[in-house]
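The block underneath contains the structure these notes are about, expressed in C-alpha cells.
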Amino acid sequence: MRKTLSYVFMMLAVMFVAAPVYAQGGATAGTNWVAITSGFAMAIASAVCGLGQAKATAASAEALMKDITTLLHNKLTKYNWVGFYMLEKEGDHDMLVLGPFKGTMTPHTRIPLNQGICGAAASSGMTIVINDVASDPRYLACSLETKSEIVVPIFVHGKIVGELDVDSHFLAAFGPTDRKLCEHAAAVFGKFLESHTA
Ligand code: SME
C-alpha cells in the first residue's frame, strides 16, 4: 500500500513538475533543465510553457516581446521589472533602445554600450547577474527599490541584437534556475527573429 502511494506521488510529481519543464527542452538546443520542486517550479514550468505558446502564436516581434515581458512579470512575482533593450545604430555607434517592458517607467530609455550593466552585457555578449546592485559601480538606477538584476543578451545567427533585462526588489533574486529561465526566454525571442527576418 505504502509502495503504491509512493508511485502515485512520483507520477504526480513527474506529470505536474518535471514533465512540463523537460517537455520544453526542444525549444532551445542545449537547455538542460534541472529537476526543481515547489511552487517556484510550478511558476517556472508555467512560464516555460507560456514562452513556447507565445513564440508559436506571436504575430510580430513586438507582440512577442510584450508577451514575454507580461508572462515573466506575472508568473515570477520577484521579477519586478522586465524589459527588452534592442540595439540600434546611432551615427556610427550602437545604442541600446528600450522596447516593451513591464514595471515602472525607467529614465534609461537609451543606453550606450559603455554604460550600465546593460551596456556591459551587450558589449561582452555574456549574461550578467548582479546580486546587489548597490555594490556595482556600473549600475544605472531604474528604481530606488531595485536590489538585484540580470541582463541576458539576445542573439540572432550568433550576432547580438539586444537583451532581456530583469530587476528585482530582492537581493540575489536570480539563482541558477532564474538564469536558465531568462536565458531560455532570450533564446526563444532570438529564434523567433531568426525565423521571421531575412
Ligand atoms: N540597471 C540597468 C539600466 C536599466 S534599468 O534597470 C531598467 C543598467 O545598469 O544598465
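The figures here come from the full heavy-atom set of this structure, side chains too, leaving out hydrogens, waters and symmetry mates.
Across all non-hydrogen atoms, the minimal contact from Val156 to Gly190 is CG2-O, 3.9 Å. Cys142 and Pro107 get closest at one heavy-atom pair: O-CD, 3.8 Å. In terms of heavy-atom proximity, Pro153 sits nearest to Ala121 at CG-O, 3.9 Å. Gly158 approaches Phe155 most closely through the heavy-atom pair O-CD2, 3.8 Å. The two residues Ala120 and Arg138 have their closest heavy-atom pair at CB-NH1, 3.6 Å. Considering all non-hydrogen atoms of both residues, Met65 and Pro100 come closest at CB-CG, 3.7 Å.
Grouping the Ile, Leu, Val, Met, Phe, Trp and Tyr side chains by contacts below 4.5 angstrom, directly or via other members, places Val161 with Leu64. Met86 and Ile160 are not part of a single hydrophobic cluster, where members link through side-chain heavy atoms under 4.5 Å apart. Hydrophobic clustering keeps Ile128 apart from Leu164 (ILVMFWY residues linked when any side-chain heavy atoms are closer than 4.5 Å, directly or through intermediates). Ile130 and Leu96 are members of different hydrophobic clusters when ILVMFWY side chains are connected at heavy-atom separations under 4.5 Å. Neither Val188 nor Tyr85 shares a network with the other; the hydrophobic side chains, linked directly or stepwise wherever heavy atoms of I, L, V, M, F, W or Y lie under 4.5 Å apart, form separate groups for each.
Side-chain contact between Thr106 and Leu98 is present, with at least one heavy-atom pair separated by less than 4.5 Å. Here the side chains of Phe189 and Leu51 are not in contact, with every heavy-atom distance at 4.5 Å or above. Within the 4.5 Å cutoff, the side chain of Thr127 has no heavy atoms near those of the Val151 side chain. Ile111 places none of its side-chain heavy atoms less than 4.5 Å from the side chain of Met95. Looking only at side-chain heavy atoms (C-beta outward), Asp132 and Tyr139 stay at 4.5 Å or farther from each other.
Using a 4.0 Å cut-off between charged nitrogen and carboxylate oxygen, Lys147 and Asp167 do not count as a salt-bridge pair.
Distance CG/Asp165 to CD1/Ile117: 9.0 Å, rounded to 0.5 Å. Between the NE2 atom in His93 and the CD atom in Glu88 there is a gap of 15.5 Å [rounded to 0.5 Å]. Atom CD1 in Ile154 sits 7.5 Å away from atom CD in Glu163 (nearest 0.5 Å). For the atom pair OG of Ser148 and CZ of Phe174, the computed distance is 5.0 Å after rounding to the nearest 0.5 Å. Within the model, atoms NZ of Lys180 and CD1 of Ile44 stand 11.0 Å from one another, a figure rounded to the nearest 0.5 Å. To the nearest 0.5 Å, atom CG of residue Leu71 and atom CD of residue Gln53 are 9.0 Å apart.
If you run side-chain contact (heavy atoms from CB on, under 4.5 Å) between Val166 and each of Asp178, Val152, Val129, Val82, only Val82 comes through.
Note on ring orientation: taking the six-membered ring where Trp is involved, the planes of Trp81 and Phe101 are parallel (angle under 30°, cut-offs 30° and 60°).
No donor-acceptor pair under 3.5 Å is formed between the side chain of His184 and the backbone N or O of Val48.
When the shell of 6.0 Å around NZ of Lys66 is examined, it contains 12 or fewer heavy atoms from other residues, nucleotides or ligands.
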Can Lys78 and Ser168 be said to form a side chain to side chain donor-acceptor pair (under 3.5 Å), step by step? CA-CA 6 Å; Lys78 64 182 175 177; Ser168 177; over 6 Å; no
